Enquirer: 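Got a structure for you, written out below as structure tokens; questions coming shortly.
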Amino acid sequence: VVKGPRRYNACERDIKAIFQKLHRRGRIELSITRRVLEPEVGSGDALPQSLDRYVQMYGAACRRYGVSQDSLGSYIGQVLLRAGDEVEDVEISEAEIAALLKGVEECSEALAVMRETEGAALVLDLTSRVSTLATYRKEIAQLADGSPARLRERLMERLKGLAPEITIDSERLAVEVAFLADRIDVAEELSRLGIHLERLTQTMRGEPDGVGRKLDFLVQEVGREINTIGSKAQDANVQGLVVEAKVELERIREQVQNVE
């Protein structure tokens, strides 16, 4: 987004093109201010054509409200300060346009250097957070391995509590445990989660072109697997790890929005 004097509206396309060479993602706001340090050659005593209208409006307002016009000089100064950058009948010289675009290019390059510096620190932070997610995944996998056995124990305890005098059919119990274990099995989700985390790390270390969009997509895939694991898991410890993983993933998501 380019904000500045209307006299530079015709240069807006060129200004945006300069920034798009080095910055392909994200929102950039550029504010341009023009100040005349010395009288322009050939300008003489030229004043904005709208100045007379402003002075007439000022006088009319003073007369209507019975206010002194002693501050007219200060008012004119403020009008000239605001309107001086917006004189539309002054043709912009090629030298001024060249100076403007050169300044914009220098600004774009400085921003690119700053982003590269921030990007190096960002990679370290993201790598650390992805490593934390990998640790959560490993802990969930260890807990998931013992889920069928813990499920069987819980079923046995419940059945004995409801009807201690009834003999439990071990084969029927094994079938029920197998059925429930299949419903809470997260092996596939953990496998895909591991692949996505590995790709996240590879993407951060790979070619920089379009890396922001790739990371954004992978973060969505990681979130999908974590949510599925959370919905399937019946273990309180696993649920706790899922919550921690979601918090860490949200931090990664916020950081990825700053990556081009």
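A quick note: this is a predicted structure, and the numbers were derived from the prediction, not measured. Residue indices begin at 1 and follow the sequence shown. Atom set for the values below is all heavy atoms of this structure, side chains included, hydrogens, waters and symmetry mates excluded.
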Enquirer: Over all heavy atoms of both residues, which pair between V256 and G212 is shortest? Give the atoms and the distance, please.
Expert: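 Heavy-atom minimum between the residues: CG1-O, 4.0 Å.
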
Enquirer: Could R224 and E221 be called an ion pair, given the rule that one side-chain N must be under 4.0 Å from one carboxylate O?
Expert: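 A salt bridge links R224 with E221.
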
Enquirer: Among all residues two or more places apart in sequence or in another chain, which pass the salt bridge (Lys or Arg N to Asp or Glu O under 4.0 Å) test with K16?
Expert: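 For K16, the residues satisfying salt bridge (Lys or Arg N to Asp or Glu O under 4.0 Å) (neighbours in sequence not counted) are E12.
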
Enquirer: Mind checking salt bridge (Lys or Arg N to Asp or Glu O under 4.0 Å) for D14 and listing every partner two or more places apart, or none if nothing turns up?
Expert: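 Per chain and number, D14 pairs via salt bridge (Lys or Arg N to Asp or Glu O under 4.0 Å) with no residue.
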
Enquirer: Looking at L124, is its backbone amide N or carbonyl O close enough to the side chain of S128 to form a donor-acceptor pair, meaning the two atoms are under 3.5 Å apart?
Expert: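 Between the backbone of L124 and the side chain of S128 there is no qualifying donor-acceptor contact (under 3.5 Å).
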
Enquirer: Is the side chain of N227 donor-acceptor paired with the backbone N or O of G223 at a distance under 3.5 Å, no angle test?
Expert: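 Present.
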
Enquirer: A245 and L133: which non-hydrogen atoms are nearest, and at how many Å?
Expert: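 Smallest interatomic distance, heavy atoms only, reads O-CD2, 3.5 Å.
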
Enquirer: May I ask you to say whether E250 pairs ionically with R253, meaning some side-chain N is under 4.0 Å from a carboxylate O?
Expert: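 Result for this pair is yes, salt bridge flagged.
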
Enquirer: Checking the side chain of R137 only, and the main-chain atoms of L190 only, is there a donor and an acceptor separated by less than 3.5 Å?
Expert: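 Side chain of R137 to backbone of L190: a pair is present.
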
Enquirer: State whether the side chain of T203 and the backbone N or O of R199 hold a donor-acceptor pair below 3.5 Å, judged by distance alone.
Expert: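 Yes, because the side chain of T203 sits within donor-acceptor range (under 3.5 Å) of the backbone of R199.
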
Enquirer: Spell out, yes or no, whether L30 and M114 are grouped together once hydrophobic residues are joined by side-chain heavy atoms under 4.5 Å, including indirect joins.
Expert: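 Yes; M114 is reachable from L30 via cluster members.
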
Enquirer: Check the hydrophobic clustering (I, L, V, M, F, W, Y; side-chain heavy atoms under 4.5 Å; chains of links allowed) and say if I28 and V2 are grouped together.
Expert: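 Yes.
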
Enquirer: Can you tell me if T127 uses its side chain to pair, donor with acceptor, with the backbone of V123 under 3.5 Å?
Expert: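 Yes: the side chain of T127 pairs with the backbone of V123.
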
